[in-house]
Every structure is written in C-alpha cells, then in structure tokens.
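Have a look at the structure below before the remarks.
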Amino acid sequence: MAWFVYLIECRDGSIYTGIAVNVAARYAAHLSGKGARYTRSHPPLRLLAAIEYADRSAASRAECQIKRLSPRDKREFGRRHGAS
C-alpha cells in the first residue's frame with residue numbers, strides 16, 4: 001500500500017509536514033479542525049506537495065528528513081514536487 005508525505009502551508013506562513021494513505025481525506029480533516037493539533041492552531045492555507053512512497057516506513061523516514069529542513073527549503077521542496 002502506498003503512503004504519502006504531504007506538506008501544508010498554514011495561514012501564518014508555517015509549513016506542516018505529515019504522512020497519510022489518503023492525502024485528500026487527511027487534508028480535509030486538517031481543514032475541518034479535526035487533523036493534527038498543530039493545524040488546529042495554525043489553519044491550513046493550501047496543500048504544497050504530496051509525494052508517494054512504497055510503504056509507511058519509507059514515508060516516515062522521508063517525513064523525518066523533510067521536517068529537519070528550514071521553512072525556506074520546505075517551500076522549495078514543495079515547489080519542486082508540487083501538489084499531486
């Protein structure tokens with residue numbers, strides 16, 4: 001089963017990074033205030049990118065690496081990979 005790493009730009013300019021099987025459903029949960037605690041206090045503005053990985057383990061490793069990037073580098077990463 002494929003897993004995705006996704007990046008969300010929040011209204012305050014911050015970038016949220018997460019993993020999910022169904023990015024559209026997960027993004028909808030963030031929009032409705034039922035997603036992560038972070039996006040309840042930093043409402044989503046738009047989905048920056050969704051990148052597919054073969055399994056949860058690979059997606060989790062990628063998520064960890066992306067979270068270490070600076071906000072500027074996360075935005076660049078999102079531009080390169082685009083929302084899918």
Side-chain angles (χ1 to χ4, degrees):
M1 173 185 297
W3 280 75
F4 296 83
V5 173
Y6 62 93
L7 285 81
I8 296 174
E9 182 176 15
C10 300
R11 290 184 195 160
D12 64 359
S14 62
I15 307 293
Y16 175 82
T17 306
I19 64 170
V21 172
N22 183 334
V23 175
R26 188 67 176 138
Y27 184 64
H30 287 296
L31 287 174
S32 71
K34 298 183 194 277
R37 181 181 299 160
Y38 186 86
T39 57
R40 285 195 293 271
S41 60
H42 301 83
L45 178 63
R46 65 188 176 116
L47 182 65
L48 288 178
I51 304 97
E52 184 174 343
Y53 290 88
D55 54 37
R56 183 184 178 121
S57 178
S60 292
R61 284 191 304 272
E63 177 191 28
C64 187
Q65 291 173 344
I66 293 166
K67 284 183 173 184
R68 291 185 192 141
L69 299 174
S70 70
R72 191 189 92 174
D73 289 341
K74 287 178 188 177
R75 278 184 178 63
E76 178 58 32
F77 184 86
R79 273 192 287 280
R80 283 195 322 263
H81 292 87
S84 51

Inset, instruction - Apply the test side-chain contact (heavy atoms from CB on, under 4.5 Å) to residues Arg80 and Glu76: give CA-CA distance (whole Å), side-chain angles for both, the deciding distance (0.1 Å), then the verdict. - result: CA-CA 6 Å; Arg80 283 195 322 263; Glu76 178 58 32; 3.5 Å; yes

Inset, instruction - Assess whether side-chain contact (heavy atoms from CB on, under 4.5 Å) is satisfied between Met1 and Val21, documenting all intermediate values. - result: CA-CA 8 Å; Met1 173 185 297; Val21 172; 3.7 Å; yes

Legend entry - Test side-chain contact (heavy atoms from CB on, under 4.5 Å) applied to Leu7 and Phe77, step by step: CA-CA 9 Å; Leu7 285 81; Phe77 184 86; 4.1 Å; yes

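Partners of Ala59 by side chain to side chain contact (heavy atoms under 4.5 Å, CB included), not counting sequence neighbours, listed by chain and number: Trp3, Val5, Ile19, Tyr53. Contacts of Arg37 classified as side chain to side chain contact (heavy atoms under 4.5 Å, CB included), with partners at least two apart in sequence or in another chain: Arg40. Residues that satisfy the side-chain hydrogen bond (donor to acceptor under 3.5 Å, both in side chains) test with Ser32, not counting sequence neighbours, are absent from this structure. Applying the side-chain hydrogen bond (donor to acceptor under 3.5 Å, both in side chains) rule to Thr17 yields no partners; only residues at least two apart in sequence or on another chain are considered. A search for side chain to side chain contact (heavy atoms under 4.5 Å, CB included) contacts involving Arg72 returns Ser70, not counting sequence neighbours. A search for side chain to side chain contact (heavy atoms under 4.5 Å, CB included) contacts involving Ser41 returns nothing, not counting sequence neighbours.
Salt-bridge check for Glu9 with Lys74: failed, with every basic side-chain N at 4.0 Å or more from each acidic carboxylate O.
A donor-acceptor pair is defined here as one N or O able to donate and one able to accept, closer than 3.5 Å; such a pair exists between the side chain of Ser60 and the backbone of Arg56.
Note that CG of Asp73 is 11.0 Å distant from CD1 of Ile15, once rounded to the nearest 0.5 Å. Interatomic distance, OG1 of Thr39 versus CZ of Arg11, reported as 11.0 Å (0.5 Å rounding).
Closest heavy-atom contact between Leu47 and Tyr6: CD1-CB, 4.0 Å. Nearest heavy-atom pair, His81 versus Ala49, reported as atom, atom and distance to 0.1 Å: CB-CB, 4.2 Å. Shown here for Ile8 and Tyr27, the closest heavy-atom pair between the two residues is CD1-CD1, 3.6 Å.
Between His30 and Tyr38, the distance from one ring center to the other does not fall under 6.0 angstrom.
Side chains of Ser14 and Asp12: a donor on one and an acceptor on the other come within 3.5 Å.
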